[in-house]
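Read the structure below first, then the notes.
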Number of protein chains: 2
Amino acid sequence: MTTHDGVLPAGLFMDLDRSGPMPLYFQVSTRIEQAITSGELPAGARLENEVALGERLGLSRPTIRRAIQELVDKGLLVRRRGIGTQVVHGPVSRKVELTSLFDDLKAGDQHPTTRVLAHAVIEADEHVAEDLGIKVGDPVTHIRRLRLADEVPVALLENYLPVAIADLSHEDFEDFGLYQLLRGRGVTMRVAKQRIGARASHGDEAQLLEIEENGAVLTMSRTAYDASGAAVEVGYHCYRPDLYSFSITLVEK
Amino acid sequence: MTTHDGVLPAGLFMDLDRSGPMPLYFQVSTRIEQAITSGELPAGARLENEVALGERLGLSRPTIRRAIQELVDKGLLVRRRGIGTQVVHGPVSRKVELTSLFDDLKAGDQHPTTRVLAHAVIEADEHVAEDLGIKVGDPVTHIRRLRLADEVPVALLENYLPVAIADLSHEDFEDFGLYQLLRGRGVTMRVAKQRIGARASHGDEAQLLEIEENGAVLTMSRTAYDASGAAVEVGYHCYRPDLYSFSITLVEK
DNA sequence: AAGTGGTCTAGACCACCGT
DNA sequence: CGGTGGTCTAGACCACTTC
């Protein structure tokens with residue numbers, strides 16, 4: 001035991017809400033995460049061991065373990081058997097989060113706007129039909145949008161949705177992100193499969209994104225599934241590479 | 001209950017190894033995963049509920065839950081309260097896994113080779129020093145490699161490592177991936193932070209990758225940390241976009 | 001009301017690490 | 001050796017969904 005062990009922020013031991021809907025492990029992990037990002041728990045700091053932490057908080061060890069595991073999965077903590085749990089060294093303060101579902105990302109930094117370039121119900125071609133798990137020729141809503149941040153074009157978004165979920169107006173898309181709209185209609189994404197690549201720009205992409213003709217674009221194609229596992233949306237997006245990139249944190253399992 | 005419920009492959013109920021080092025939850029999740037990828041459990045199939053599954057396997061419910069959770073995190077299963085656990089619809093058979101640490105990925109499909117273009121100990125510049133958490137001017141090993149698959153150039157890999165971990169020869173790099181080499185020396189990666197983007201190719205990149213001058217490349221910069229949270233490696237890679245892309249599965253938390 | 005997953009408890013034993 | 005995390009058990013109560 002060194003003098004630096006077990007130095008935990010006072011806020012961690014505030015009363016826990018045992019009646020509300022927020023799980024105890026989540027309350028604990030949130031408090032520890034805040035302590036890390038705020039710098040109260042600096043890089044390399046050791047946490048108290050799980051049993052002691054549980055006693056001090058009046059929680060069982062599995063609950064404490066789950067709270068810590070959440071942060072290990074986020075790449076904020078590292079556990080070693082026989083050693084203990086430490087805050088990861090390195091740039092924990094940087095906002096490198098899991099690749100977000102995009103819409104929220106820009107909202108924090110800059111003023112996002114959207115121009116709807118196309119919006120119509122069409123028949124699914126072979127590629128879209130396969131991704132959505134429907135038949136070729138089935139009706140799908142097609143949307144093509146230009147996403148800007150502070151008036152500067154950042155991304156060109158092309159999406160296809162089964163018609164059942166798509167009674168949406170132009171105005172909706174001007175004001176809200178696609179996921180926000182779907183969530184408001186009771187559609188919740190649970191799993192998404194993405195493929196990130198690059199290529200030269202085609203057709204009108206360069207002009208719309210205000211880059212050099214045939215200039216490089218970052219591409220992302222995605223299929224999203226709802227809670228029942230049914231495909232809800234496919235998207236083929238391309239981004240201005242000087243203004244956008246994907247940040248990912250990997251954790252060895 | 002429909003007649004399709006609880007149809008589980010016979011192999012799932014083989015004897016479990018309770019003495020070996022492999023955790024029970026892992027044995028269970030592996031068997032279920034195999035049943036899914038092999039098609040024994042088709043898309044949309046419902047699993048037995050957790051309690052019943054535990055009884056049939058002679059395991060407690062938390063153990064079963066953990067096994068299922070592993071597959072939920074992988075995007076293979078979906079759980080809904082009050083409903084049950086189902087295999088995700090959609091292209092589960094495709095090999096879209098979490099972005100692997102690269103070296104293993106190509107090995108399966110094609111014959112990978114590596115050409116070492118540069119290999120020397122140099123002084124860390126500002127950028128590398130910050131990423132590795134060392135001082136500017138500290139010695140680091142610099143390696144620049146061209147990765148080919150079936151004689152076709154796929155990626156240009158530039159890496160920097162603290163000298164302590166880098167008594168490696170050219171021959172090593174010709175034959176093995178960087179991570180494999182480090183693992184063999186007792187260095188294990190636990191967390192990695194990646195940033196994926198795109199840009200036009202610079203300098204000799206187009207020539208080495210055998211693409212058009214100034215053609216688009218997919219880029220990935222990564223910092224990897226070991227179990228103690230110390231930075232072990234930084235890499236600045238670029239890939240031929242027609243031959244390589246990143247696949248990611250996201251799961252809503 | 002019945003069935004499901006979501007959370008939580010209070011223990012237990014083991015494997016690994018440092019001294 | 002003592003301390004740590006890794007795994008596992010056998011229950012319990014709750015929230016949600018469907019009937």
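The analysis underlying the following values was restricted to heavy atoms, covering all of them including side chains, and did not include hydrogens, waters or symmetry mates. We name chains A, B, ... by the order of the sequence lines, and we start the count at 1 in each one.
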First encountered from the 5' end of DNA chain D, between A/Ser19 and B/Met22: B/Met22
Contact under 4.0 Å: A/Arg80 side-chain N or O vs D/dT4 OP1/OP2: no
Can a side chain N or O of A/Arg61 be found less than 4.0 Å away from OP1 or OP2 on C/dG11? no
Starting at the 5' end of DNA chain C and moving along, which residue's nearest nucleotide shows up first, A/Arg81 or B/Gln69? B/Gln69
Side-chain atoms of A/Pro23 come closest, of C/dT9, D/dT7, C/dT7, to C/dT7
Start with the C-alpha gap between B/Glu158 and B/Arg145, add the side-chain angles, then the distance that decides, and say whether salt bridge (Lys or Arg N to Asp or Glu O under 4.0 Å) holds. CA-CA 6 Å; B/Glu158 197 145 17; B/Arg145 294 167 296 162; over 6 Å; no
I need the CG-P distance between A/Leu47 and D/dG5, as an integer number of Å. 9 Å
Is the CD atom of B/Glu123 crowded by more than 12 outside heavy atoms at less than 6.0 Å? no
Is any side-chain N or O of B/Thr63 closer than 4.0 Å to OP1 or OP2 of D/dT9? yes
If you find the nucleotide of DNA chain C closest to B/Gly82 and the one closest to A/Pro62, which residue's nucleotide is nearer the 5' end? B/Gly82
Classify the nucleic acid contact of B/Arg65 as base, sugar-phosphate or nothing, counting any heavy atom under 4.0 Å across all strands shown. base
Specify the separation, in whole Å, of atom CG of B/Leu77 and atom C1' of C/dG6. 16 Å
